[in-house]
Amino acid sequence: MEKGGENANGFGHGIGHKDDDFDPSAPPPFRIAEIRAAIPKHCWIKNPWRSLSYVLRDFFMVFALAAAAIYLNTWIFWPLYWAAQGTMFWAIFVLGHDCGHGSFSNSTLLNSFMGHLLHSAILVPYNGWRISHRTHHQNHGNVENDESWVPLTEKLYKSLDQSTRKLRFTVPFPLFAYPFYLWSRSPGKEGSHFNPYSNLFAPNERKDVITSTLCWSLMAALLIYLSFAVGPIQMLKLYGVPHLIFVMWLDFVTYLHHHGYEQKLPWYRGKEWSYLRGGLTTVDRDYGIFNNIHHDIGTHVIHHLFPQIPHYHLVEATKAAKPVLGKYYREPKKSGPIPLHLIESLVRSITEDHYVDDSGEIVYYQTDPELFKSLKSKAI
């Protein structure tokens with residue numbers, strides 16, 4: 001708990017904030033109902049035909065890119081193909097993400113069918129992911145109960161061996177974390193997105209997890225078959241490398257939605273946490289030319305508070321909500337065509353944001369000053 005104007009980490013309110021009079025950890029003077037009321041009613045309407053048109057657009061691009069790569073088959077084009085196709089895999093993930101939230105359509109059956117189609121195609125177990133992602137949204141900003149890129153406590157951090165710390169806090173290793181997270185979650189957490197008996201899932205969700213694991217397995221089997229049919233090197237070029245780019249996109253974007261803001265933002269425990277306060281710690285990002293390609297996923301604050309809003313209404317909904325949010329909304333830094341500025345944010349956060357205090361209901365990331373010293377000394 002806070003004492004004498006400081007939180008449990010010894011940091012003053014609003015640490016490092018440009019406006020010294022504003023404390024981002026203070027309970028907001030508005031309720032979530034006021035934000036909801038400010039958003040136009042049509043922003044809540046889900047149009048399944050519009051959602052399906054995005055699926056058609058993205059799959060058309062995927063197959064067109066693959067056809068061009070096969071036809072041209074030149075090492076000048078392959079790197080361009082990998083970057084473009086990996087980005088399209090990420091766009092497909094975002095549409096499946098909409099299915100998981102029910103913002104794709106009002107039909108549970110359509111959402112489930114399209115979610116399995118979209119996510120299985122990029123080797124993501126749809127229901128396993130959907131359920132853990134729901135946990136993330138329901139507990140965003142909560143040190144103890146959040147699910148995605150959760151801060152390590154100081155005790156857990158110090159229990160990690162040196163190689164694990166190096167992997168977690170040295171770029172680019174965290175950008176390859178997602179497949180490992182699907183199989184075994186994060187440090188300090190147990191379970192797997194593929195195991196229906198994992199503690200991630202309630203007993204009544206086991207059939208859903210089995211269904212997704214089977215769909216994932218069918219896609220894996222198809223890829224193995226195609227590797228024999230056209231050759232493993234060709235499949236590596238057509239699917240393997242783009243999938244790796246997709247994983248990097250996913251880890252890059254999801255990390256920066258909850259980390260790396262110019263000033264440190266709070267994480268909560270216990271009575272200080274609420275759905276609204278946790279949601280207000282998320283960060284919007286501008287991805288330049290990629291905003292439209294990956295379906296405005298950078299418009300993340302309103303998405304976290306109201307995940308039922310379709311992605312194609314998020315920009316308008318955010319604009320309408322900003323007068324209510326006031327200083328609790330952090331305007332994203334304007335990007336050029338390529339969001340190179342976000343690489344700096346990523347590197348700075350990963351190298352500085354190591355752990356939070358073991359106690360206290362409002363905590364901020366702290367830096368281990370010895371981490372990279374010890375890594376460098378081992379390298380000498």
Given D353 and K264, is the salt bridge (charged side-chain N to carboxylate O under 4.0 Å, His left out) satisfied, shown in steps? CA-CA 9 Å; D353 298 340; K264 291 185 182 291; 3.0 Å; yes
Can you check side-chain hydrogen bond (donor to acceptor under 3.5 Å, both in side chains) on W90 and H294, steps first, answer last? CA-CA 7 Å; W90 165 235; H294 63 198; 3.0 Å; yes
For a salt bridge (charged side-chain N to carboxylate O under 4.0 Å, His left out) check, start with the C-alpha distance between R269 and E361, then their side-chain angles and the critical distance, and finish with the verdict. CA-CA 4 Å; R269 289 189 183 95; E361 296 192 345; over 6 Å; no
Stepwise side-chain contact (heavy atoms from CB on, under 4.5 Å) test for H243 and L123: CA-CA 9 Å; H243 190 271; L123 292 177; 3.8 Å; yes
Trace of the side-chain hydrogen bond (donor to acceptor under 3.5 Å, both in side chains) decision for S212 with N127: CA-CA 6 Å; S212 295; N127 278 327; 3.3 Å; yes
side-chain contact (heavy atoms from CB on, under 4.5 Å) evaluation trace for I362 with Y268: CA-CA 5 Å; I362 302 177; Y268 301 100; 4.0 Å; yes
Apply salt bridge (charged side-chain N to carboxylate O under 4.0 Å, His left out) to the pair K322 and E331, showing each step before the final yes or no. CA-CA 9 Å; K322 283 198 291 185; E331 199 73 40; 3.2 Å; yes
Working note: D208 + T211, criterion side-chain hydrogen bond (donor to acceptor under 3.5 Å, both in side chains); need CA distance, chi angles, decisive distance, verdict. CA-CA 5 Å; D208 291 338; T211 299; 5.4 Å; no
Please assess N73 against W78 for the test side-chain hydrogen bond (donor to acceptor under 3.5 Å, both in side chains), listing each intermediate value before the final yes or no. CA-CA 7 Å; N73 194 25; W78 280 113; 3.2 Å; yes
side-chain contact (heavy atoms from CB on, under 4.5 Å) evaluation trace for F104 with L52: CA-CA 8 Å; F104 190 89; L52 287 167; 3.9 Å; yes
Assess whether ring pair (Phe, Tyr, Trp, His ring centres under 6.0 Å) is satisfied between H295 and Y312, documenting all intermediate values. CA-CA 7 Å; H295 309 293; Y312 42 83; 9.5 Å; no
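Side-chain heavy atoms closer than 4.5 Å link hydrophobic residues (I, L, V, M, F, W, Y) into clusters, and following such links, even through other members, never connects L265 to V150.
Ring-centre distance between F169 and Y157: below the 6.0 Å cut-off. Proximity of the aromatic rings of W183 and H193 is defined here by a centroid distance below 6.0 angstrom, and this criterion is not met.
Counting heavy atoms from C-beta on, the side chains of V283 and V301 never come closer than 4.5 Å. The side-chain heavy atoms of L346 and L175, taken from C-beta on, include a pair separated by under 4.5 Å.
Panel note: side chain R277, backbone S25; a donor-acceptor pair is recorded below 3.5 Å. Side-chain N or O atoms of T213 include one that pairs as donor or acceptor with a backbone N or O of F194 at under 3.5 Å. The backbone N or O of D98 sits less than 3.5 Å from a side-chain atom of S103, completing a donor-acceptor pair. No donor-acceptor pair under 3.5 Å is formed between the side chain of W129 and the backbone N or O of G100. Listed for the S349 side chain is no donor-acceptor partner under 3.5 Å among the backbone atoms of S345. A side-chain donor-acceptor contact under 3.5 Å links H140 to the backbone of Y275. Distance alone, capped at 3.5 Å, is enough to place a donor-acceptor pair between the D358 side chain and the E154 backbone.
A search for side chain to side chain donor-acceptor pair (under 3.5 Å) contacts involving D251 returns nothing, not counting sequence neighbours. H97 pairs by the side chain to side chain donor-acceptor pair (under 3.5 Å) definition with H101, H133, H303, not counting sequence neighbours. Contacts of K207 classified as side chain to side chain contact (heavy atoms under 4.5 Å, CB included), with partners at least two apart in sequence or in another chain: none. Under the side chain to side chain donor-acceptor pair (under 3.5 Å) criterion, H300 pairs with H257, H304, not counting sequence neighbours. Scanning for ring pair (Phe, Tyr, Trp, His ring centres under 6.0 Å) contacts around H116 gives Y126, with sequence neighbours left out. Applying the salt bridge (Lys or Arg N to Asp or Glu O under 4.0 Å) rule to K189 yields no partners; only residues at least two apart in sequence or on another chain are considered. With sequence neighbours excluded, no residue forms a salt bridge (Lys or Arg N to Asp or Glu O under 4.0 Å) with E344.
Of all heavy-atom pairs between P24 and R330, the closest is CB-NH1, 4.3 Å. When all heavy atoms of R165 and L160 are compared, the pair lying nearest together is NE-O, 3.3 Å. Summarising the geometry of Y329 relative to D284, their closest heavy-atom pair is OH-OD2, 2.7 Å, with the distance given to 0.1 Å. Between M114 and V55 the shortest heavy-atom distance is CE-CG1, 3.7 Å. In this structure, P187 and L156 approach most closely via the heavy-atom pair O-CD2, 3.5 Å. Taking each heavy atom of K237 and W82 in turn, the nearest pair found is O-NE1, 2.8 Å.
For F30, the CZ atom sits in a packed shell: over 12 heavy atoms of surrounding residues, nucleotides or ligands are nearer than 6.0 Å. Other residues, nucleotides and ligands place no more than 12 heavy atoms under 6.0 Å from the CZ atom of F113.
Connectivity analysis of hydrophobic side chains (ILVMFWY, heavy atoms under 4.5 Å, direct or indirect) links L56 to nothing; its cluster partners are none. Chaining together hydrophobic side chains whose heavy atoms lie under 4.5 Å apart places V209 alongside I131, L200, F201. Under a 4.5 Å side-chain heavy-atom cut-off, the cluster of Ile, Leu, Val, Met, Phe, Trp and Tyr residues that includes L80 has no other member.
To the nearest 0.5 Å, atoms CG (D368) and OG1 (T351) are separated by 12.0 Å. A distance of 10.0 Å separates CG of L214 from OG of S120, quoted to the nearest 0.5 Å. Atom OG of residue S148 and atom CG of residue N139 lie 12.0 Å apart, to the nearest 0.5 angstrom.
Between R134 and E205 a salt bridge is recorded (basic side-chain N to carboxylate O distance below 4.0 Å).
Of the residues listed (E352, H354, H259), the one engaging Y365 in a side chain to side chain donor-acceptor pair (under 3.5 Å) is H259, and it is the only one.
F93 and Y178 have perpendicular rings, their planes meeting at more than 60° on a 0 to 90° scale where under 30° would count as parallel. The aromatic rings of W249 and F252 lie perpendicular to each other, with more than 60° between the two planes, well past the 30° mark.
For residues 26-45, the side-chain hydrogen bond (donor to acceptor under 3.5 Å, both in side chains) pairs, not counting sequence neighbours, are H42-E316. Within the structure, salt bridge (Lys or Arg N to Asp or Glu O under 4.0 Å) pairs that include any residue of residues 168-185 comprise E147-R185 (at least two apart or interchain).
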